[in-house]
Amino acid sequence: MLSKRKEYQNEIYEICQKSGDVSINDRFRGVQFSESALYDKFYAEKPCVCIGKIGGSERVFLTDDKLCYFSVTDGWGKKDGYLVALNQGFVFRLDTPMELEDLKEFVADPPEAHGFAANMKRCAEIRIAKTIISILEKSSESI
């Protein structure tokens, strides 16, 4: 007998196997991850849109309130208006909405960090912000 969690994971896996690719500008009512994400409820209740692709194994999304950029990896699909995904990639959560120009400003003038952990976090955020900027610039060129 499989546990409820394992049954859920198998269901997500099957959906991902049967689904086609997610296209840029595809919209979803929320996200359901196979593996428990840090904020399962947060993602399940946040409408989002696909804003870009990183190679063949990662898709990048933005929540409608523009407070969270995140990626999904290794497999994804659609069920009842929701995005289902095998794994979560990066997460860039914000206190205020940020669009392309705001992200560029963040990279050019990052907030001051105090201490080793804060500096490491800031470096990771800058790296992710640069990735998002690149994706947003590519998608705006193709429009």
Side-chain angles (χ1 to χ4, degrees), residues 1-113 117-143:
M1 178 175 193
L2 292 175
S3 70
K4 291 267 188 214
R5 185 68 182 167
K6 200 48 126 170
E7 287 176 2
Y8 175 76
Q9 289 173 338
N10 288 341
E11 177 186 359
I12 299 280
Y13 183 75
E14 286 179 29
I15 293 167
C16 292
Q17 276 189 315
K18 294 175 184 175
S19 293
D21 197 3
V22 170
S23 299
I24 294 173
N25 294 324
D26 281 358
R27 300 186 92 55
F28 300 94
R29 296 183 348 195
V31 185
Q32 299 169 344
F33 289 97
S34 169
E35 295 297 324
S36 181
L38 291 175
Y39 305 98
D40 264 351
K41 277 191 174 180
F42 173 83
Y43 292 105
E45 299 170 357
K46 287 281 187 183
C48 61
V49 62
C50 180
I51 60 168
K53 301 177 179 185
I54 301 174
S57 64
E58 192 166 10
R59 300 297 177 258
V60 182
F61 296 85
L62 171 62
T63 57
D64 282 356
D65 60 10
K66 296 183 170 76
L67 290 176
C68 183
Y69 291 86
F70 64 95
S71 69
V72 300
T73 65
D74 304 323
W76 44 81
K78 304 169 188 175
K79 180 184 177 193
D80 301 330
Y82 285 86
L83 171 69
V84 295
L86 295 181
N87 296 300
Q88 183 177 30
F90 69 76
V91 176
F92 190 61
R93 300 252 334 243
L94 307 158
D95 294 329
T96 58
M98 279 195 189
E99 294 190 39
L100 180 59
E101 293 307 316
D102 303 310
L103 290 165
K104 286 181 177 180
E105 185 177 320
F106 173 83
V107 169
D109 187 25
E112 189 174 340
N119 276 304
M120 294 299 289
K121 180 181 180 214
R122 184 186 63 199
C123 288
E125 288 173 339
I126 290 170
R127 180 182 48 78
I128 292 169
K130 286 179 178 179
T131 300
I132 296 166
I133 289 167
S134 172
I135 289 167
L136 290 172
E137 287 177 337
K138 282 180 192 174
S139 66
S140 68
E141 289 171 4
S142 63
I143 294 175

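Bear in mind that the values here come from a model prediction, so they are computed numbers and not experimental data. Side chains are part of it too, since the values below use all heavy atoms of this structure and drop only hydrogens, waters and symmetry mates. All residue numbers refer to positions in the sequence shown, counting from 1.
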Student: Enter the distance from Asp80:CG to Ile15:CD1 here, rounded to the nearest 0.5 Å.
Tutor: 8.0 Å
Student: Does some side-chain heavy atom of Ile54 sit less than 4.5 Å from a side-chain heavy atom of Ile135?
Tutor: yes
Student: Can you see which heavy atom on Val31 is nearest to which on Tyr82, and at what distance?
Tutor: N-CD2, 4.1 Å
Student: Establish, from distance only, whether the side-chain atoms of Gln9 and Ser34 form a donor-acceptor pair under 3.5 Å.
Tutor: no
Student: Within this structure, what is the OG-OH distance for the pair Ser3 and Tyr8, rounded to the nearest 0.5 Å?
Tutor: 13.0 Å
Student: Got Phe90 and Val60 here, is their nearest side-chain heavy-atom distance under 4.5 Å?
Tutor: yes
Student: A side-chain contact here means heavy atoms from C-beta on lying under 4.5 Å apart; do Val22 and Phe28 qualify?
Tutor: yes
Student: What are the two closest non-hydrogen atoms of Val91 and Cys68, and how far apart are they?
Tutor: CG1-SG, 4.2 Å
Student: With side-chain contact (heavy atoms from CB on, under 4.5 Å) as the test, would you mind laying out the steps for Phe33 and Ile12 before giving the verdict?
Tutor: CA-CA 8 Å; Phe33 289 97; Ile12 299 280; over 6 Å; no
Student: Please walk me through it: do Glu45 and Arg29 pass salt bridge (charged side-chain N to carboxylate O under 4.0 Å, His left out)?
Tutor: CA-CA 7 Å; Glu45 299 170 357; Arg29 296 183 348 195; over 6 Å; no
Student: Atom CD1 in Ile132, atom NZ in Lys104: separation rounded to 0.5 Å?
Tutor: 13.5 Å
Student: Could you tell me which non-hydrogen atom of Glu58 sits nearest to which non-hydrogen atom of Gly89, and how far apart they are?
Tutor: OE2-CA, 4.2 Å
Student: Nearest 0.5 Å please: distance from the CG atom of Asp26 over to the CZ atom of Arg59.
Tutor: 10.5 Å
Student: Counting only N and O atoms by type, is there a donor-acceptor contact under 3.5 Å from the side chain of Asp109 to the main-chain atoms of Phe106?
Tutor: no
Student: Can you confirm whether the side chains of Tyr43 and Gln88 place a donor and an acceptor under 3.5 Å from each other?
Tutor: yes
Student: Kindly give the heavy-atom pair with the smallest separation between Cys16 and Gly77, and that separation in Å.
Tutor: SG-N, 3.9 Å
Student: Within this structure, what is the CG-CG distance for the pair Leu94 and Leu67, rounded to the nearest 0.5 Å?
Tutor: 6.5 Å
Student: Decide whether a cation-pi geometry holds between Arg93 and Phe42; the criteria are a distance under 6.0 Å from NZ or CZ to the six-membered ring centre and an angle within 45° of the ring axis.
Tutor: yes
Student: With a 4.5 Å cut-off on side-chain heavy atoms, are Leu86 and Thr73 touching?
Tutor: no
Student: Might you point out which heavy atoms bring Phe70 and Cys48 nearest each other, and give the distance in Å?
Tutor: CZ-SG, 4.1 Å
Student: Take Lys53 and Asp21, measure what salt bridge (charged side-chain N to carboxylate O under 4.0 Å, His left out) needs, and give me the verdict at the end.
Tutor: CA-CA 10 Å; Lys53 301 177 179 185; Asp21 197 3; 3.1 Å; yes
Student: For residues Val107 and Ile133, determine if any side-chain heavy atom of one lies less than 4.5 Å from a side-chain heavy atom of the other.
Tutor: yes
Student: Working to the nearest 0.5 Å, report the span between CG of Asp65 and NZ of Lys46.
Tutor: 3.5 Å
Student: Is there a side-chain contact (heavy atoms from CB on, under 4.5 Å) between Phe61 and Val49 once you walk through the steps?
Tutor: CA-CA 5 Å; Phe61 296 85; Val49 62; 6.0 Å; no
Student: I'd like to know if Glu112 and Arg122 make a salt bridge, using a cut-off of under 4.0 Å between side-chain N and carboxylate O.
Tutor: no
Student: Would you say the side chain of Arg27 lies within less than 4.5 Å of the side chain of Asp64, judging by non-hydrogen atoms?
Tutor: yes
Student: Specify whether Tyr69 and Phe92 have parallel, tilted or perpendicular ring planes, treating 30° as the upper limit for parallel and 60° as the lower limit for perpendicular.
Tutor: tilted
Student: Do Glu105 and Met98 have side-chain heavy atoms sitting under 4.5 Å apart?
Tutor: no
Student: Taking the side chain as everything from C-beta on, heavy atoms only, tell me whether Leu83 gets closer than 4.5 Å to Lys78.
Tutor: no
Student: Which heavy atom of Lys66 sits nearest to which heavy atom of Leu62, and what is that distance?
Tutor: CA-CD1, 3.6 Å
